[in-house]
Amino acid sequence: MQAVRGMNDVLPEQIGGWQLLERVTRELFAAYGFEEMRVPLVENTALFKRAIGEFTDIVEKEMYTFTDSGGDSLTLRPEGTAGVVRAAITNGLLRGARLKLWTSGPMFRHERPQKGRYRQFHQIDVEAIGFAGPDVDAELIAMTARLWRQLGITRVKLKLNSLGTSQSRRAYREKLVAYFRQHESVLDADSRRRLEGNPLRILDSKNPEMQAVVSAAPLLTDHLDPESREHFDALCAMLAASGIDYVLDPRLVRGLDYYSRTVFEWVTDALGAQDAICSGGRYDGLINQLGGDATPAIGFAMGVERVVELISQAGMPLTQPPPDVYVITSGERAQRNTLALVEKIRDELPQVRLHVNLGGGNFKAQFRRADKSGAPLALILGDGEFERGVAALKPLRQETGQSECPLSELTARIPAILKDLAGLSHAG
RNA sequence: GUGGACGUAGCUCAGCUGGUAGAGUCCCGGAUUGUGAUUCCGGCUGUCGCGGGUUCGAGUCCCGUCGUCCACCCCA
């Protein structure tokens, strides 16, 4: 028995980073006025083909596609934007509205797994729909920059580019194809194949033998239409004014066809080859292409596994806090009465983390578990204590002696004792 | 999808040129039958990833397969 390749279990010892990221993003997005929505993990295959593009790697070879018993071709979502846009259209959310949305969950791509790249992975998606100007672009990027600060992540860099409108991109693309055809003898097999489907990707090639041809190729940046140029310059100015560093990367091309104008990518040098942790861009043409009224939009996706890895590298304390009180019992009568007593304490003190020793064990073993739990205080209930109507309280993290407390006063006294112990341990 | 490294106890790992598996840790019990560390004593856990082949004999050699990791490709 093993998990399906590329699909991982997230164990309790790792969950802290996930919960921190979830908590911080939830609060941050709310502060910027974004609302959560949830969409299905499965959509009609045609949606992804139309949105992402027939000739992208994702659609060509990475989708988990199957035919259901009704004969429909369905696909496990490989990315989040298509589903959100489809939901906005089919639920009538677009009528002149300005939407600020986020969603999160698993995505599926059939790739060869390696560190930071899995077949089931998780993304947090943010989409701003109905905003045309560069101000949203800047706000989204500023929000992500703030997120890294809040998470203590420092080894990141922002790469920025503009792809222009689909019209200007088409014109540039023809120029580029013409250029590469002139140098076709130098191109490797991958690049020759891309000449037809997605020539912009050739610019991304890491093949050293092609570097000369690639770096001499015409640049997208030099072929932007005037409006896109203006949009991009305004964005850069806003980022600079906000103190957000960026690197212009004229070769930054995204792998999905729907992007236009602004594209950006946060990269890190801390994760090996999988260096993109958060990236996105404008998709002004997508909504119309999917049957909605023409609506400008921009969004980004963050790779949860990758960001969580950076969080744990940053050394944030991520473990669940230890219990406040560990309850030890001894004897038949004590064991019969402990649950009811502890439940009563919980009624009065719901915020106190109380761990009752379960599964028996002799006194020594129970104390060992109490010690290992990290609890500052042990509550000891034996038959003798119950007969006298008291409980013994023993501090576990310092040498203070053991004391007794009438059962009726426990809920009144426990908070004060815990406060004392916390104060002492901070002082010490 | 391509290339490479690796896969032995829950965990970290040892196991020489083939002779039927070991250490530390963890966990449990005892020394101390109502008190945690340390110490000492005792105990538990293995289809040596899986399948096949060579051999009298395979953890060890060969082939296949699955998985992990690294790089390419691509991407979050």
Side-chain angles (χ1 to χ4, degrees), chain A residues 1-8 11 13 21 52 56-62 77-81 104-126 144 156 188-191 193-194 198 201-202 204-208 252-256 264-268 271-281 299-310 326 328-331 334 357 359-385 392-399 401-402:
Chain A
M1 283 286 275
Q2 49 194 11
V4 174
R5 177 169 216 202
M7 309 211 175
N8 302 115
L11 303 178
E13 63 182 25
L21 179 58
I52 299 168
T56 57
D57 279 19
I58 292 177
V59 170
E60 275 182 347
K61 50 194 191 196
E62 295 176 0
R77 62 182 185 192
E79 61 97 50
T81 300
S104 70
M107 307 293 163
F108 302 86
R109 294 183 199 172
H110 191 96
E111 299 182 272
R112 182 94 167 246
Q114 64 188 75
K115 194 172 196 65
R117 195 178 72 182
Y118 309 106
R119 290 185 173 179
Q120 175 177 323
F121 61 101
H122 296 75
Q123 289 186 334
I124 297 175
D125 275 282
V126 175
T144 51
V156 289
D188 57 25
D190 271 345
S191 298
R193 187 173 48 80
R194 287 188 197 126
N198 196 348
R201 293 232 63 98
I202 300 175
D204 252 357
S205 173
K206 288 168 196 161
N207 186 341
L252 178 62
V253 182
R254 316 283 11 281
L256 292 71
F264 66 94
E265 185 166 282
W266 286 96
V267 295
T268 176
L271 294 180
Q274 267 54 58
D275 63 351
I277 60 163
C278 172
S279 64
F300 66 79
M302 194 186 312
V304 173
E305 284 84 353
R306 294 179 185 179
V307 175
V308 166
E309 176 63 28
L310 291 183
Y326 194 97
I328 289 172
T329 65
S330 169
N357 183 77
N362 62 27
F363 233 68
K364 186 187 177 73
Q366 293 194 49
F367 263 95
R368 206 184 305 128
R369 290 178 205 142
D371 187 46
K372 287 192 73 165
S373 78
L377 184 66
L379 177 66
I380 304 158
L381 294 164
D383 286 350
E385 279 81 7
L393 292 164
K394 177 167 182 180
L396 294 170
R397 306 258 84 84
Q398 46 237 289
E399 297 308 315
Q402 185 169 320

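Predicted, not measured: the structure shown is a model, and the values here were computed from it. Proteins come first, then strands; the chains are lettered A, B, ... in the order of their sequence lines, and each starts at number 1.
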- Task: Quick one: stems involving RNA chain B, counted as three or more successive Watson-Crick or G-U pairs, both distances short of 3.5 Å.
- Result: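 Stems (3+ consecutive pairs) listed as B:1-7 with B:66-72, B:10-13 with B:22-25, B:27-31 with B:39-43, B:49-53 with B:61-65.
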Are any protein N/O atoms closer than 3.5 Å to N/O atoms in nucleotides 68-71 of chain B? If there are, list each pair with its distance.
{"residue": "B:U68", "atom": "OP1", "partner": "A:Gly6", "partner atom": "N", "Å": "3.2"}
{"residue": "B:U68", "atom": "OP2", "partner": "A:Arg5", "partner atom": "NE", "Å": "3.0"}
{"residue": "B:C70", "atom": "OP2", "partner": "A:Lys115", "partner atom": "N", "Å": "2.4"}
{"residue": "B:A71", "atom": "OP1", "partner": "A:Ala273", "partner atom": "N", "Å": "3.4"}
{"residue": "B:A71", "atom": "OP2", "partner": "A:Gln114", "partner atom": "NE2", "Å": "3.2"}
{"residue": "B:A71", "atom": "N7", "partner": "A:Gln114", "partner atom": "OE1", "Å": "3.4"}

For atom [atom1], what is the distance between [N] and [M], given to the nearest Å?
{"N": "B:G22", "M": "B:C44", "atom1": "P", "answer": "13 Å"}
{"N": "B:A14", "M": "B:G7", "atom1": "C1'", "answer": "15 Å"}
{"N": "B:U38", "M": "B:U25", "atom1": "P", "answer": "11 Å"}
{"N": "B:U8", "M": "B:G46", "atom1": "P", "answer": "16 Å"}
{"N": "B:G18", "M": "B:U55", "atom1": "C1'", "answer": "9 Å"}
{"N": "B:G15", "M": "B:C56", "atom1": "P", "answer": "28 Å"}
{"N": "B:C73", "M": "B:U47", "atom1": "C1'", "answer": "38 Å"}
{"N": "B:C75", "M": "B:U17", "atom1": "C1'", "answer": "47 Å"}

Rounded to whole angstrom units, what separation is found between the [atom1] atom of [X] and the [atom2] atom of [N]?
{"X": "A:Tyr326", "N": "B:U35", "atom1": "OH", "atom2": "C1'", "value": "14 Å"}
{"X": "A:Phe367", "N": "B:C28", "atom1": "CZ", "atom2": "C1'", "value": "19 Å"}
{"X": "A:Arg77", "N": "B:A76", "atom1": "CZ", "atom2": "P", "value": "14 Å"}
{"X": "A:Leu11", "N": "B:G10", "atom1": "CG", "atom2": "C1'", "value": "12 Å"}

Would you please confirm or rule out a distance under 4.0 Å between OP1 or OP2 of [N] and any side-chain N or O of [X]?
{"X": "A:Asn362", "N": "B:U32", "answer": "no"}
{"X": "A:Arg306", "N": "B:C75", "answer": "no"}
{"X": "A:Ser330", "N": "B:G34", "answer": "no"}

- Task: Please confirm whether any donor atom in the side chain of A:Lys364 sits under 3.5 Å from an acceptor in the base of B:U35, or the reverse.
- Result: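 No.
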- Query: Between the side chains of A:Thr144 and A:Trp266, does any donor sit under 3.5 Å from an acceptor?
  - Reply: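 Distance-only check passes for A:Thr144 and A:Trp266.
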- Message: When you compare the side chains of A:Gln114 and A:Gln274, does any donor N or O come within less than 3.5 Å of an acceptor on the partner?
- Response: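 Looking only at side-chain atoms, A:Gln274 and A:Gln114 do form a donor-acceptor pair, the distance falling under 3.5 Å.
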- Task: Tell me which nucleotide among B:C75, B:U35, B:A37 gets nearest to the side chain of A:Arg368.
- Result: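 Selected nucleotide: B:A37.
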